[in-house]
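All residue numbers in this chain count up from 1 along the given sequence.
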Amino acid sequence: HHLSFYVKPGNNTLIMGPSGCGRSSILRLIGEYLPLHEGGISKPTNSTALLYISNNTFVPRWTLKMHLTHPQVHGTPSTVGENDLLGLLEQVGLGDIFCLLYTSPSPRDS
């Protein structure tokens, strides 16, 4: 199947369809929560305004660092240093969880 669409900057888009048609999968691919096996996705490199609200909780079993640096391609050297991450966590009152930077949730935590 082929899918192509364009969203003008500043516009909101609603994707509707019956259960199982792939709405959530499309958004997970755009947000880089799922790997793309073929084809391509183009989006502005400076885009920070992608918002995906799901009616189901979807949290990949990543480390805290992976969540904080998403959508960086994981497995490539990070351009964000630990001091930067600590500073950001402290800014939002979460400096005490910095020690969890390299831990992933266990299956029972999700």
Q: Say whether, by atom type as modelled, one donor and one acceptor occur between the side chain of Arg23 and the main chain of Pro18 under 3.5 angstrom.
A: yes
Q: Should the heavy atoms of other residues, nucleotides or ligands under 6.0 Å from CG of Asp96 be counted, would the total exceed 12?
A: yes
Q: Carefully, step by step, assess Leu68 and Leu88 under the rule side-chain contact (heavy atoms from CB on, under 4.5 Å).
A: CA-CA 9 Å; Leu68 293 173; Leu88 291 171; over 6 Å; no
Q: Show, in sequence, the C-alpha distance, side-chain angles and deciding distance for Thr13 and Tyr6, and conclude whether the side-chain contact (heavy atoms from CB on, under 4.5 Å) test is met.
A: CA-CA 10 Å; Thr13 301; Tyr6 174 79; over 6 Å; no
Q: Looking only at non-hydrogen atoms, find the nearest pair between Ile26 and Ile15 and report the distance.
A: CG2-CD1, 4.3 Å
Q: Going from CD1 on Ile97 to CG on Leu89, what distance comes out if it is rounded to the nearest 0.5 angstrom?
A: 5.0 Å
Q: Quick one: pull up OG1 in Thr69 and CG in Leu85 and give me the separation to the nearest 0.5 Å.
A: 7.0 Å
Q: Closest heavy-atom contact between Thr63 and Tyr102?
A: CG2-O, 3.6 Å
Q: Taking side chain to side chain contact (heavy atoms under 4.5 Å, CB included) as the criterion, tell me which of Leu100, Leu101, Val80, Thr103 meets it with Lys65.
A: Leu101
Q: Could you go step by step and tell me if Phe98 and Glu90 meet the side-chain contact (heavy atoms from CB on, under 4.5 Å) rule?
A: CA-CA 9 Å; Phe98 180 76; Glu90 287 176 340; over 6 Å; no
